[in-house]
Amino acid sequence: TSNTDDFTIPQGATPGLSIEKSLVSVNGNTSATAFANVNDVLQYSYTVRNTGNAAYAANVFVWDDKIPGGLLCFDSQGGTQSFPPYAVDPVNGEVTCFSDYQIVQADVEANQITNTAYATSTYGTSTPVTSLPDSVTVLGTADNSLGVVKTADPVSGAGVGDTITY
C-alpha cells in the first residue's frame, strides 16, 4: 500500500499554470533559428502564466530536461509577494525567465535538439500545481555529406598505354 495525502482547495479556487517555451537566440543572434556547431549557445525564454483564479504566494520554478536543476522564475520572497491570476492582472500574472543551453556533439550528429519544459508551484500550503509541458525543436545546419574531388595527371593528352595518376 502507498501513503495517502489529503489537501483542500478553497471553494471556488482553481489553481493553474501554463508555460510557453521559445527560442530567443543562437549565439546571441536573435534572428538565427538553427545551430551549426558544438558549443553554440541557444537561449530560451519561458513565459509562465497563472491561468487559475487564485494568487500564489509561493515560488514558481521552470524545469527543463536539458537544463540541470530548476530555474526560479518567480520569487515569492518567502511568501510576501504573490503571483496573481492573469485574468485579473495581466501585467503581474505572467512572468518570463531565460536560460541557455550549449550544443553538444550528440546534438550536431542528430542535426537537431528537442527539449521540454514545465512550470511548478504550490497553491496554499501544500497543493502542488504543474503546467502541461511545452517543447521546442531547434534544427541544426550541419552538412553531413562527404564530397570527393578527383583529378588526373596528366589532365589531358594521354594515349593508349600511358599511365594516368589520380
Under the 4.5 Å side-chain heavy-atom rule for ILVMFWY, direct or indirect, which residues accompany F61? W63, L72, Y118
Across all chains, not counting sequence neighbours, the side chain to side chain donor-acceptor pair (under 3.5 Å) partners of S99 are none
Would you check if V138 and Y101 make a side-chain contact, meaning some heavy-atom pair closer than 4.5 Å? no
Residue pairs meeting salt bridge (charged side-chain N to carboxylate O under 4.0 Å, His left out), one or both in residues 124-138, sequence neighbours left out, come to none
I'd like to know if the side chain of T122 reaches the main chain of P128, judged simply by a donor and an acceptor atom lying under 3.5 Å from each other, with no hydrogens or angles considered. no
Which residues share a ring pair (Phe, Tyr, Trp, His ring centres under 6.0 Å) with Y44, sequence neighbours left out: none
Applying side chain to side chain donor-acceptor pair (under 3.5 Å), can you list everything that pairs with D40, at least two apart in sequence or on another chain? N27
Hey, what do you get for CG (D107) to CG (L42), rounding to the nearest 0.5 Å? 8.0 Å
Considering only heavy atoms from C-beta outward, does the side chain of S76 approach that of F74 to under 4.5 Å? yes
Minimum heavy-atom separation for A54 and Y123, please, with both atom names. CB-CE1, 3.2 Å
Suppose the criterion is salt bridge (charged side-chain N to carboxylate O under 4.0 Å, His left out): which pairs have a residue in residues 16-37, not counting sequence neighbours? K21-D64
A side-chain contact here means heavy atoms from C-beta on lying under 4.5 Å apart; do Y46 and I67 qualify? yes
Only one of T96, V95, T120 passes side chain to side chain contact (heavy atoms under 4.5 Å, CB included) with C73; say which it is. V95
Counting C-beta onward and ignoring hydrogens, is there a side-chain heavy-atom pair between I103 and N37 closer than 4.5 Å? no
Do V104 and L23 belong to the same hydrophobic cluster, where Ile, Leu, Val, Met, Phe, Trp and Tyr are linked whenever their side-chain heavy atoms lie under 4.5 Å apart, directly or via other members? yes
Work out which heavy atom in P85 is nearest to a heavy atom in N50; give both atom names and the distance. N-ND2, 3.4 Å
Taking L17 as the starting point, is it possible to reach L71 by hopping between hydrophobic residues whose side chains are less than 4.5 Å apart? yes
Between V24 and V62, is there a shared hydrophobic cluster once you connect ILVMFWY residues whose side-chain heavy atoms come closer than 4.5 Å? no
Could you check Q105, Q102, E109 and say which one makes a side chain to side chain contact (heavy atoms under 4.5 Å, CB included) with V38? Q105
Indicate the atoms forming the closest heavy-atom contact of T116 with P133, along with that distance. CG2-CB, 3.5 Å
If hydrophobic clusters are built by linking Ile, Leu, Val, Met, Phe, Trp and Tyr wherever their side-chain heavy atoms come under 4.5 Å apart, do F83 and Y86 end up in the same one? no
Value for CZ (R49) from CD1 (I19), rounded to nearest 0.5 Å, stands at 12.5 Å
Please round to the nearest 0.5 Å and tell me the distance separating atom CD of Q43 and atom CG of N29. 12.0 Å
